[in-house]
Amino acid sequence: MSKAAQTGIVIAGAGIGGLTAALALQARGLPATVLESAPEIRPLGVGINIQPGAVAELIGLGLGDALAATGIPTREHRYLNHHGATLWTEPRGAAAGHPAPQYSIHRGELQMLLLEAVRERLGADAIRTGTEVRGFHQYADRVVVHTGAPSGGTAEAEADVLIGADGLHSAVRARLHPDEPPLRTTAVRMWRGLSELPEFIDGRTMIIAADDRANRIVAYPCSRRHAERGTVLLNWVCLAAVEGGDPGSGVGPGRLEDLLPHFADWEFDWLDIRAALAASPTILHYPMVDRDPLPSWGDSRVTILGDAAHPMYPIGANGASQAVLDGVAVAAELAEGGDPAAALHRYEAARRPATTAIVEANRTMDRSERALAERLDGDVSGELRTITRDYRAAVERP
């Protein structure tokens, strides 16, 4: 094992939350080192949404032009039944009166955008790939971070603070909460893909469609570059309850033949649904999971953020946005100076109640949408308005 290297703030994980935290710390004069387990950071994943509050924070970090050049400013959520009929519409982003847009964007492109900014502002050495955070030990005045490499080598780094932004299967969270129950796994399976199409409504609308069995499709354009070429990169996710079998908890390859039977009777007169799904060169498949909110996140000089702290259902499209808000909040508290443990306690006091409310709101919205499924052929606009109003009230609190 190599000797401990001295550093100030260590961030485990170079995902959206970890990179945002690094940028927010640097903006406040606090350099950080990001340790990433992957040997190479590549633009993986599919589309995500960044909500207006998080977009405003990214704009404040000087990323507004880059976001506008990459993402689609979503104008509207359109709720449909499985015949393609509109049930209700909800304005989003600037159309809903927010000072910042809501962006639909490829997750990998957002990560690369953040990565480039970190390397430019903090230096190439600020991110160390092939370095997996496996645990830590705390002392009164420091944290010793234990890392490993794919080659089998191990090392230690001494830090003032450790921030675990290492995702759903966080090693930092596991060390902080060793007796925690496993992930909450539902019967709902999700298939996700990216399909290039000639058009999709106005190019700025997200659809949320469902049938009377509570099968759902969420789809939206997510690439400004495609729009400039006159095409649409459509991100889609299909959700269906599948009984039996071990769902696991990870992402794996999906098969079109497993997906299509759940949507065999769907017919839109303006879109060939099955052809749109089949146009994706790759399909991902995984169960819908979350975790029960923790009574506390961190301990002394160690804390967590993003999916490491509060994994949530994708209902509501808030996971990445909350990781951004976490990263900015933890940087703001650490920049106040003084005892790092006190700063992390303030961060948790501000963010944990807010994210707990969103985890619970996502569960409530999922139940409400399922309960509404059998009545989608009637007028359900009032119920949808109430569901979305209650959700926004829970997640958009100042």
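Treat the numbers as computed from the prediction; the structure is a model and nothing was measured. No hydrogens, no waters, no symmetry mates; every other heavy atom, side chains included, goes into these values.
- The existence of a salt bridge linking Arg346 and Glu336 is excluded, since no basic side-chain nitrogen approaches an acidic carboxylate oxygen closer than 4.0 Å.
- In this structure, the separation between CD1 on Ile201 and CE on Met206 is 11.0 Å, given to the nearest 0.5 Å.
- Looking at residues two or more places apart in sequence or on another chain, you find no salt bridge (charged side-chain N to carboxylate O under 4.0 Å, His left out) involving Arg367.
- Using a cutoff of 4.0 Å between basic side-chain nitrogens and carboxylate oxygens, Asp299 and Arg175 are not scored as salt-bridged.
- For the atom pair Thr89 OG1 and His77 NE2, the distance stands at 11.0 Å (nearest 0.5 Å).
- A donor-acceptor pair is defined here as one N or O able to donate and one able to accept, closer than 3.5 Å; such a pair exists between the side chain of His106 and the backbone of Gly108.
- The list of ring-ring contact (aromatic ring centres under 6.0 Å, His included) pairs with a residue in residues 338-383, not counting sequence neighbours, reads Trp297-Tyr347.
- Side-chain contact check for His262 versus Val242: some heavy-atom pair is nearer than 4.5 Å.
- Here the side chains of Phe263 and His82 are not in contact, with every heavy-atom distance at 4.5 Å or above.
- Classification of the His137-His146 ring pair by plane angle, with boundaries at 30° and 60°, yields perpendicular.
- A donor-acceptor pair under 3.5 Å is formed between the side chain of Asp379 and the backbone N or O of Ser381.
- With Arg173 contributing its side chain and Ala309 its backbone, the two residues share a donor-acceptor pair below 3.5 Å.
- Within the 4.5 Å cutoff, no side-chain heavy atoms of Asn362 are placed close to those of Asp366.
- Residue His310 forms a side-chain contact (heavy atoms from CB on, under 4.5 Å) with just one option from Leu305, Thr356, Thr355, and that option is Thr355.
- Glu348 has its side chain out of reach of Val330: every pair of non-hydrogen atoms, C-beta onward, lies at least 4.5 Å apart.
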| task | Quick one: do Thr131 and Thr147 satisfy side-chain hydrogen bond (donor to acceptor under 3.5 Å, both in side chains)? Show the steps, please. | result | CA-CA 6 Å; Thr131 306; Thr147 67; 5.9 Å; no
| request: Decide side chain to side chain contact (heavy atoms under 4.5 Å, CB included) for Met112 and Glu109; before the verdict, give the C-alpha distance in whole Å, the side-chain angles of both, and the deciding distance to 0.1 Å. | output: CA-CA 5 Å; Met112 292 302 105; Glu109 291 193 352; 5.6 Å; no
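- Hydrophobic clustering of Ile, Leu, Val, Met, Phe, Trp and Tyr side chains at less than 4.5 Å, counting indirect connections, unites Ile9 with Leu35.
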| task | Run the numbers on Asp212 and Leu376 for side chain to side chain contact (heavy atoms under 4.5 Å, CB included), then give the verdict. | result | CA-CA 7 Å; Asp212 56 4; Leu376 292 180; over 6 Å; no
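- Separation of atoms CH2 (Trp191) and CD1 (Ile217) is listed at 11.0 Å; rounding is to 0.5 Å.
- Nearest heavy-atom pair, Leu194 versus Gly47, reported as atom, atom and distance to 0.1 Å: CD2-N, 4.0 Å.
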| Asn318/Gln51 under side-chain hydrogen bond (donor to acceptor under 3.5 Å, both in side chains): CA gap, chis, key distance, verdict | CA-CA 7 Å; Asn318 249 294; Gln51 303 298 331; 5.2 Å; no
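- A single hydrophobic cluster is not seen to contain both Ile72 and Ile208; linkage of ILVMFWY side chains at heavy-atom distances under 4.5 Å, directly or through other members, places them apart.
- In this structure, Arg189 contributes its side chain and Leu259 its backbone to no donor-acceptor pair below 3.5 Å.
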| task | Test Leu271 against Phe200 for side chain to side chain contact (heavy atoms under 4.5 Å, CB included), laying out the working first. | result | CA-CA 8 Å; Leu271 177 69; Phe200 187 80; 3.9 Å; yes
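- Taken from OG1 in Thr129 to CD in Glu40, the straight-line distance is 8.5 Å, to the nearest 0.5 Å.
- Taking both residues in full, the closest heavy atoms of Gln138 and Arg301 are given as OE1-N, 3.0 Å, listed atom of the first, atom of the second, then distance.
- At a threshold of 4.5 Å between side-chain heavy atoms, the hydrophobic network of Ile, Leu, Val, Met, Phe, Trp and Tyr places Leu44 and Leu19 in two separate groups.
- Leu183 places a side-chain heavy atom less than 4.5 Å from the side chain of Leu168.
- Met365 contributes atom CE, which lies 12.5 Å from atom CD1 of Ile358 (distance to the nearest 0.5 angstrom).
- The heavy-atom pair separating Met312 from Asp290 by the smallest distance is CA-CB, 3.8 Å.
- Around CD of Glu199, the count of heavy atoms belonging to other residues, nucleotides or ligands within 6.0 Å does not exceed 12.
- Residue Asp202 qualifies as enclosed at atom CG: its count of foreign heavy atoms under 6.0 Å is above 12.
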| Leu294 vs Leu176, side chain to side chain contact (heavy atoms under 4.5 Å, CB included): CA-CA, chis, key distance, verdict | CA-CA 11 Å; Leu294 291 166; Leu176 288 164; over 6 Å; no
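- Linking Ile, Leu, Val, Met, Phe, Trp and Tyr residues whenever their side-chain heavy atoms come within less than 4.5 Å leaves Val118 and Leu325 in two separate clusters.
- The closest side-chain heavy-atom distance from Ile48 to Ile105 is below 4.5 Å.
- Between the side chain of Ser195 and the backbone N or O of Ala276 there is at least one donor-acceptor pair closer than 3.5 Å.
- Residues Pro182 and Arg291 approach most closely at C-NH1, 3.7 Å, considering heavy atoms.
- Under a 3.5 Å cut-off, the side chain of Thr86 and the backbone N or O of Trp88 do not form any donor-acceptor pair.
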| task | Please lay out, stage by stage, how Gln26 and Arg121 fare under the test side-chain hydrogen bond (donor to acceptor under 3.5 Å, both in side chains). | result | CA-CA 8 Å; Gln26 187 274 337; Arg121 300 177 193 181; 4.9 Å; no
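- Between Asp258 atom CG and Cys238 atom SG the span is 12.5 Å, to the nearest 0.5 Å.
- Under the 4.5 Å side-chain criterion, counting only non-hydrogen atoms from C-beta, Val188 is not in contact with Tyr313.
- Note on Arg363 versus Asp292: salt bridge recorded, some NZ/NE/NH1/NH2 to OD/OE distance being below 4.0 Å.
- Residue Asp125 qualifies as open at atom CG: its count of foreign heavy atoms under 6.0 Å is 12 or below.
- Exactly one of Leu334, Val10, Ile304 qualifies for a side-chain contact (heavy atoms from CB on, under 4.5 Å) with Ile163. That residue is Leu334.
- Comment: Arg92 engages Glu396 in a salt bridge, judged by a side-chain N to carboxylate O separation of less than 4.0 angstrom.
- Heavy atoms only, all atoms of each residue included: Val172 and Asp166 are closest at N-OD2, 3.2 Å.
- In this structure, the side chains of Arg28 and Val328 come closer than 4.5 Å at one or more pairs of heavy atoms.
- The nearest pair of heavy atoms linking Ala320 to Ile50 is CB-CD1, 3.8 Å.
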